[in-house]
Structures are given as C-alpha cells and as structure tokens.
Number of protein chains: 2
Amino acid sequence: MAGIKDVAKAAGVSVSTVSYVLSGKRSISNKTADRVLDAVNRLNYIPDASARKMRGHLSHVIAIAPGRREVRHSSLSAYFMQTALRAKAGGYDVLLLTGEDPVDDILRVAQSNLADGVVLLDVEENDLRAARAAEYGKPCVCIGFPKDHDDCACVDVDFACMGRLAADRLRDLGHERVVLLRSVEHLSEPMSGYLNLFRDSFIAAAEDRQMVVMESELTEYRNFDANAFVSKYLIPKNGATAIVNQADPSVLNTVLGVLSVSGMDVPQYVSVLSCGTLLDSYPMSKGISEMPITPAVQCSRAMSLLLGAIEEHHDIRGEVDLSVPTFIDRGSLSRAREAQKGGCG
Amino acid sequence: MAGIKDVAKAAGVSVSTVSYVLSGKRSISNKTADRVLDAVNRLNYIPDASARKMRGHLSHVIAIAPGRREVRHSSLSAYFMQTALRAKAGGYDVLLLTGEDPVDDILRVAQSNLADGVVLLDVEENDLRAARAAEYGKPCVCIGFPKDHDDCACVDVDFACMGRLAADRLRDLGHERVVLLRSVEHLSEPMSGYLNLFRDSFIAAAEDRQMVVMESELTEYRNFDANAFVSKYLIPKNGATAIVNQADPSVLNTVLGVLSVSGMDVPQYVSVLSCGTLLDSYPMSKGISEMPITPAVQCSRAMSLLLGAIEEHHDIRGEVDLSVPTFIDRGSLSRAREAQKGGCG
DNA sequence: TTGTATGCGTTATCAT
DNA sequence: ATGATAACGCATACAA
C-alpha cells in the first residue's frame, strides 16, 4: 500500500504538493501536476480513510440500524439498498448494524466517530433507539414515526392521510362495506406503528363516510385460511364489496387464488386496494392497485436531512417530513357491484 | 467528545496509563485503574475509531457487496443480517456497498483501508468482482461459486450434491416422472450460478436413475399460469408424480393453490420438494419439504475464513468450502402414487 | 507501577 | 508555485 510519501518521492515533490494536487485547493503548475498524477496512477495510490478523517473529522460513513431482527420484513433489503444508493450519491458509505443490542451498537459507532450519522429502520411507536437519540452525539433520522422524536428527525409516508385517501377513493366508487385484511405481523407487540396508523385513520374516515368496516381475524401465517376469509366476509349477502389489504403479499395472493377459483372476479365482483405494501417487486397472480410504501422516496429524504445536518450543521431534531401517499392503478378497483346495478347510489 | 487526554487529566494520570488500563496490556494498580475507569465512565469516553486504526492497521470493518441491484433476491436481507451478526461476533462491523459499479466500490473501500476484507453476494458464474479480487489487496470471500476464483475463497451449499440427493430421495420413493418448476429469475442472463448447478446435476442424476425430468417453461412472473402448469405436467396420465421446485415461493404457492382446488392433494397425489429456496420465513399455504439455502451457515463460514485471513494471515485464495445440503421434512413427500398401488416398484 | 516521546498518513498553516 | 512541519487521537517502545 503506497502512501502519500511514496508518491511524493516518486514524483520528486513534497507531500503537501501531492495533497494539493489531489484536493485542488491551490494552484499547481501543469508540469508538477502531471508528474504527481502519473506517480499516483503508477503506484495505485489511494488515500487512507482513517488518516484523512483524523483531520477532516468526518468519516463519511452513516450507520443504518434495523429493528429487532426477528421481525419479518420483506422490504428490508429495499431500505438497505436505497439508503446505500442515496448515501453513495452524497459521498457516504453505509455501515450496517445488526439489530440486537440496537442502542449499544449505535452508541458505539456514533461515539467512536465511525459513523457521522444514523438512520433508524423498523421504527416502532415506542422506540428506544429514537428515544435515546440525544446520546448519540450525531444526527439521527427515523424512517417511521415514533412517539418520542424530540432528538431525531422523522421521515415517513403520511399513513393517516393514506387512511383518509383510501376511504375516499372507495366511497367515491360506491363501496359501503369494506373488509380490512391484516396479517400476522400485527400479532407481535408492540404493533408496528404505521400499520396501526393507517388502520385507525382508515376506520375513522370510513365511519365518517357512513361505511361499514370489517376486520379479518389476526392469525399466524400458517393458520391463515383464505377460504374462511372469503366465506365469511365476501360471500354473504351483506358481505364486503371491497378488500383493503394490509397483509403480506403472499397472504393476499392466496385470497386472490380463492376468489379466482370461486368465480368472484376482481374487480367486477370485488375491488381490492392494497395499502402500505410493496407489491411491484412481487409476483402477484393479478395486478392489484396500491398505495405503497416508498423506500426510495423515504430513504432519499432521510439522506437529504441527514447530510444537511452533518455537513451544514442544520439542527434537524424534532423535524417531521411526511410524504403524501401515492396511488398506483393496476386495475383492481371498480364501482361497487350494487352501485353498478342500481345507478348513481 | 472527550478524548484520551481529557480522561487522563480527569483521572490525574498520563495518557499512556489510560490506554493501558483500557487495553489491559500491562499491570496497573487497582487504585489508578479505578480512578481511570471512573473518569472514563464520567466523561463517557469512547476511543476514536480512526485514530485507533492508524496504529493497529485494522479497521475492524468488512465490506459486503451485493450483485446488481436489479436482481430480485428475496433472501438478500437474510445474507446481510447474518453477515452482520457473524461479523459483530468477531468484533467487526459491516459496510454495505450498493451493487452499482461493484468493482469500483470494492476497490475504493479496500484500498483506502476502510475495510479489512470483502464478502461477495449474488455471485454469478462469470463474476467480475471475483475475477478481479487480486486487485483488492484484502482477503475476499464469495458466497457462491464463480468460475474464476483463484484470488478469493468460496463458500456455498454443494448444489451439485443437492441435485443428486434430491434425485435419490425421489427415486427411493418410487417417483419416475418429475417436473422441475423454475421461475423468472432464470430469465436474466447470465443465469444465476447455483440454480443451474442444481438443475444440471439433478437432471443428470435423475437420468442416471432412469427418471424422466420435465422442465416448466420460463416465463415472467406476471405471466406464470399455474393452471396451465398443472394441466400440462400433472393431470395427464403420464404426468409427473413429483414437483421439484426451484422457483420463487410465491410461484410455488400459486401452484399449491391450484392443486388444492383441483383435489390433487399433497403429498398423496403429488409430492413436492423445494430445492435451493428459503421457505421457512415465508407464509406457504402448506408445509413443503425442502433442501434450503442456508444463509446463516454460509455467512458463518465466510466470516470464519475472512477473519482467519485478516487476523491470522491465512492465505485463503482458491479455497472452496461446500457444505452438505440439509433436508427439512415438512411432510410434502410420499411414495409415488403408482408405486403405492403396485407394490415395491 | 507509571510517565515521556514517537509515529501512524493525512491535511492545513506556515514559510520560502 | 512549492516545501517544511505541526496537529489530529491514539498505542506502544522506552525511560524512570
């Protein structure tokens, strides 16, 4: 591993000249610059990251902390990769923490200056990592919305808004009876914040609009019975005309299979709207319209905030950045079947 | 951020005493040790990672490099997390690279000494990252089995062996006609190495054993038609008595749905064996026996090799560590239906 | 048992 | 336009 001294020697100049050629922070004659760059290439010189940091006081590394690792989270790698991409675009690398002893890990990498900032994933309503953000001594941003966020910034989709938008959209299509399909993830306590944010807001908005909301039972994955679900909520005369899905794509897929076999076409017989999910990278048996989570958007905003805090010394503590939910039409929504028959409901 | 000087001042000792108290590399009187540790706690002192590294020449960071990010890979986060866990157990942190410009990224972090070693994920048969491992100047281990692995170590499940074991197991149960279910991932060129390793070995072994292997068409996810698959390969008189699945769990799930609806019970009518998949964290509609990929095992071995190379200066270039496939019985295998009727085939 | 001094590889501040 | 050198925070060889 050649160092700056070797380059200087090879180019016949001093170390400071080499440094300045590389940083461009003062004017250098073309002749010396060429000699230096030539030596750099010949020796394959790359500055040592630690030594560089000792002066600049920035490691150009941000830490990313997933939640407890036992939480099933199929979109986790999307958040990892998007964070890494955005970080790299800003000249940063990403350090991946494990999720066990989350606070300890964050404290260690933050206080040892291994990382310049922290991104928190899988943030729960009562999140210890967020609550203790003040101790990190480094800027911290949550992807999610913890109750106690005095010392960190929060970036998330506006799930309360999503609930209202979902209710509006279905009501506008004449749906008056809706069933909410939820899956096992909800069984773990404390429930993941955003799922409940959406649920509560959706139910409130739906009731405001005189809609009836049924909720599927919460079961273990393996015990989920799509036939029972369809029989109970969709077949009866007063069954739902629309499904709002919050469950795992696979659970939804199973339901779609039963609907298909039973001749209950989507969207003619029943409309389906999936909320807070990420279906586009997932092989669904049928296109399902969706108000998705948006890892790319959230990670991008999180990195903007974080880099602003690190490099411009912005104080981002307590900042909240909720983004308006997007809607992707994949053709699984239509007017409610009664409304279709009876006219403009 | 308190430094070692602050601690020394607060404890009324010299910096070297503080350093030695913390490292335990020479004996210290209890009295001073207590004073120092007290000061350390009071000031919340954590040594600076970069300064420490300047002496030790180890950053205690390993880089993990996923393949091209557009490759769908639902188990990616399992590899990330397992690597991070094993690394942390050895006192290392994990730096997550992005997958675009893979070689550039690796060169940068390796040559700048940001990372002490490299783990390659999503390794393809012709993998540029593995082929150029010599340039990294740091030990490198692949999870996967590239053709050119002169300059890195390889850790993987022995997929060739898995193919033989799968053929044996089915043949022992009297299955003579088997259909191989594969999914869209295979469409991208070059095909992911391990999928083909298994396929080729399975087909060869099956033919050795006088079995007939059919292969499902390769289609896009959204175009996969489970009904057509079942009609074509399972319903005919000379249809398959067993399915060997290499496809995405969701694709398999769809097939299981069709089988269930058609009254073709698993395993009474048709046996199912899933190979090279990771079903246990996945909500299948029915338990499926499996010879799975094993992220925890591979990551653990990869880290052992890597840390040995980093810390004991073992030369691991060219080493290949293939682990014997495991079998998980979830009750989806039984004797072939003809064999059941006709006796000991 | 403890303290002093040096060096790790850079960058920035002087000086030339 | 270029060179010499101090300083970053720590670990260790050496001195006491």
Side-chain angles (χ1 to χ4, degrees), chain A residues 1-40 43-61 91 108-116 137, chain B residues 1-40 43-61 91 108-116 137:
Chain A
M1 296 287 159
I4 198 171
K5 286 181 193 166
D6 305 296
V7 176
K9 216 166 293 176
V13 298
S14 74
V15 287
S16 57
T17 301
V18 176
S19 177
Y20 281 116
V21 168
L22 261 31
S23 71
K25 290 194 179 175
R26 81 179 179 194
S27 49
I28 303 277
S29 74
N30 286 334
K31 210 168 50 181
T32 19
D34 286 348
R35 282 222 314 281
V36 168
L37 291 175
D38 188 54
V40 164
L43 300 183
N44 226 299
Y45 165 70
I46 295 198
D48 182 272
S50 302
R52 168 170 280 179
K53 198 206 100 181
M54 295 260 304
R55 306 276 331 164
H57 282 243
L58 279 186
S59 65
H60 284 261
V61 168
R108 182 175 55 80
V109 301
Q111 298 191 353
S112 71
N113 295 319
L114 219 181
D116 298 328
Chain B
M1 297 287 158
I4 197 171
K5 287 181 194 163
D6 306 295
V7 176
K9 216 165 293 175
V13 298
S14 73
V15 288
S16 62
T17 302
V18 176
S19 178
Y20 281 119
V21 168
L22 262 32
S23 70
K25 289 196 178 176
R26 78 179 182 195
S27 50
I28 303 276
S29 74
N30 286 333
K31 209 168 51 181
T32 25
D34 287 346
R35 281 223 312 281
V36 168
L37 291 175
D38 188 56
V40 164
L43 300 183
N44 227 299
Y45 166 70
I46 296 198
D48 181 272
S50 302
R52 166 171 282 180
K53 197 208 101 179
M54 296 259 304
R55 306 268 333 159
H57 279 236
L58 280 186
S59 65
H60 283 258
V61 168
R108 181 175 56 79
V109 301
Q111 299 192 351
S112 72
N113 296 319
L114 219 180
D116 298 328

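Convention: sequence-line order gives letters A, B, ...; per-chain numbering from 1.
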Is [X] near enough to [N] that one of its side-chain N or O atoms lies under 4.0 angstrom from OP1 or OP2?
X	N	answer
Ser16(A)	dG3(D)	no
Lys53(A)	dC8(D)	no
Thr32(A)	dT2(D)	yes
Ser29(B)	dT1(C)	no
Thr17(A)	dT2(D)	no

Check the distance between [N]'s [atom2] and [X]'s [atom1] and give it to me in whole angstrom.
X	N	atom1	atom2	answer
Gln111(B)	dG9(C)	CD	C1'	16 Å
Asp34(A)	dT2(D)	CG	C1'	16 Å
Asp6(B)	dC8(D)	CG	P	12 Å
His60(B)	dA11(D)	NE2	C1'	13 Å
Met54(A)	dA6(D)	CE	P	16 Å
Ile4(B)	dC10(D)	CD1	C1'	6 Å
Leu58(B)	dC10(D)	CG	C1'	15 Å
Ile46(A)	dT11(C)	CD1	P	13 Å

*asked:* Can you tell me whether the side chain of Arg55(A) and the base of dT11(C) have a donor-acceptor pair closer than 3.5 Å?
replied: yes
*asked:* Measuring from atom OG of Ser29(A) to atom CZ of Arg35(A), what distance do you get when rounded to the nearest 0.5 angstrom?
replied: 8.0 Å
*Enter the distance from Leu37(A):CG to Ile28(A):CD1 here, rounded to the nearest 0.5 Å.*
10.0 Å
*Indicate yes or no: at least one non-hydrogen side-chain atom of Arg108(B) is less than 4.5 angstrom from one of Ile46(A).*
no
*Electrostatic pair Asp48(B):Lys53(A) at N-O distance under 4.0 angstrom*: yes
Nucleotide N/O of nucleotides 14-16 of chain D paired with protein N/O under 3.5 Å:
from, atom 1, to, atom 2, distance (Å)
dC14(D), N4, Arg26(B), NH1, 3.3

Under 3.5 Å, is there a donor-acceptor pair between the side chain of [X] and the main chain of [Y]?
X	Y	answer
Asp116(A)	Ser59(A)	yes
Ser19(B)	Val15(B)	no
Asp6(B)	Gly3(B)	yes

*Which heavy-atom pair separates Ser14(A) from Ala8(A) by the least distance, and what is that distance?*
C-CB, 3.7 Å
Nearest listed nucleotide, side chain of [X], among [options]:
X	options	result
His57(A)	dG3(D), dT2(C), dG9(D)	dG9(D)
Val13(A)	dT10(C), dG9(D), dG3(D)	dG3(D)
Ala51(A)	dT11(C), dG3(C), dT10(C)	dT10(C)
Arg52(A)	dG9(C), dT11(C), dC10(D)	dT11(C)

*Taking the nucleotide of DNA chain C with the closest heavy atom to each, which residue, Lys25(A) or Lys5(A), is nearer the 5' end?*
Lys5(A)
